[in-house]
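This report refers to the structure that appears directly beneath it.
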Amino acid sequence: MELEELLGIYIDKFGEEYDIDTALLTEDGEEKLIDLVKKALSNNEPISKKQIIDLFGYDPNETGILI
């Protein structure tokens, strides 16, 4: 299943506030995100903020903004 299709299912299940911007992901990053989304869907739990920060990074100068 492609990332866009998985994210559509994920957003339908957990809501728009869990939308993930994937514009800057590498192929490796996409594979990691696909795994996270599949786990979230199978566990019936949205991806945690910590998992998202681990994947995308965090800019301490911009509180709450992932980079």
Side-chain angles (χ1 to χ4, degrees):
M1 193 175 294
E2 300 235 354
L3 178 59
E4 291 79 19
E5 187 178 354
L6 274 173
L7 288 175
I9 294 167
Y10 179 81
I11 292 166
D12 287 344
K13 186 169 191 154
F14 298 115
E16 290 289 327
E17 68 264 23
Y18 291 100
D19 192 6
I20 301 168
D21 183 2
T22 61
L24 300 176
L25 284 179
T26 63
E27 283 184 36
D28 185 46
E30 278 192 26
E31 289 177 26
K32 289 178 184 176
L33 182 56
I34 287 170
D35 290 341
L36 285 175
V37 171
K38 284 181 179 179
K39 281 184 188 176
L41 291 171
S42 68
N43 294 339
N44 201 28
E45 271 185 26
I47 298 170
S48 73
K49 185 175 181 179
K50 180 188 180 323
Q51 290 172 305
I52 295 292
I53 289 170
D54 289 346
L55 180 63
F56 288 102
Y58 179 74
D59 183 350
N61 298 318
E62 296 289 336
T63 305
I65 297 177
L66 301 174
I67 58 171

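The environment of Glu17 atom CD is dense: over 12 non-hydrogen atoms of other residues, nucleotides or ligands sit within 6.0 angstrom. Under a cut-off of 6.0 angstrom, the local environment of NZ in Lys39 is sparse, with at most 12 non-hydrogen atoms contributed by other residues, nucleotides or ligands.
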Evaluate side-chain contact (heavy atoms from CB on, under 4.5 Å) for Thr26 paired with Glu31, printing each intermediate quantity in order. CA-CA 9 Å; Thr26 63; Glu31 289 177 26; over 6 Å; no
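Looking at residues two or more places apart in sequence or on another chain, you find no salt bridge (Lys or Arg N to Asp or Glu O under 4.0 Å) involving Asp12.
For the pair Lys50 and Asp54, the salt-bridge criterion is met [side-chain N within less than 4.0 Å of a carboxylate O].
Interatomic distance, CG of Leu33 versus CG of Leu6, reported as 8.5 Å (0.5 Å rounding). Note that CD of Glu5 and CG of Leu3 are 10.5 Å apart. Values are rounded to the nearest 0.5 Å. Annotation: the span from Ile47 atom CD1 to Leu55 atom CG amounts to 8.0 Å, rounded to 0.5 Å.
Residue Tyr10 comes nearest to Tyr18 through the heavy atom pair CE2-O, 3.4 Å, listed as atom of the first residue, atom of the second, then distance.
Screening Leu36, Asp28, Ile34, Asp35 for a side-chain contact (heavy atoms from CB on, under 4.5 Å) with Lys32, the sole residue that qualifies is Asp28.
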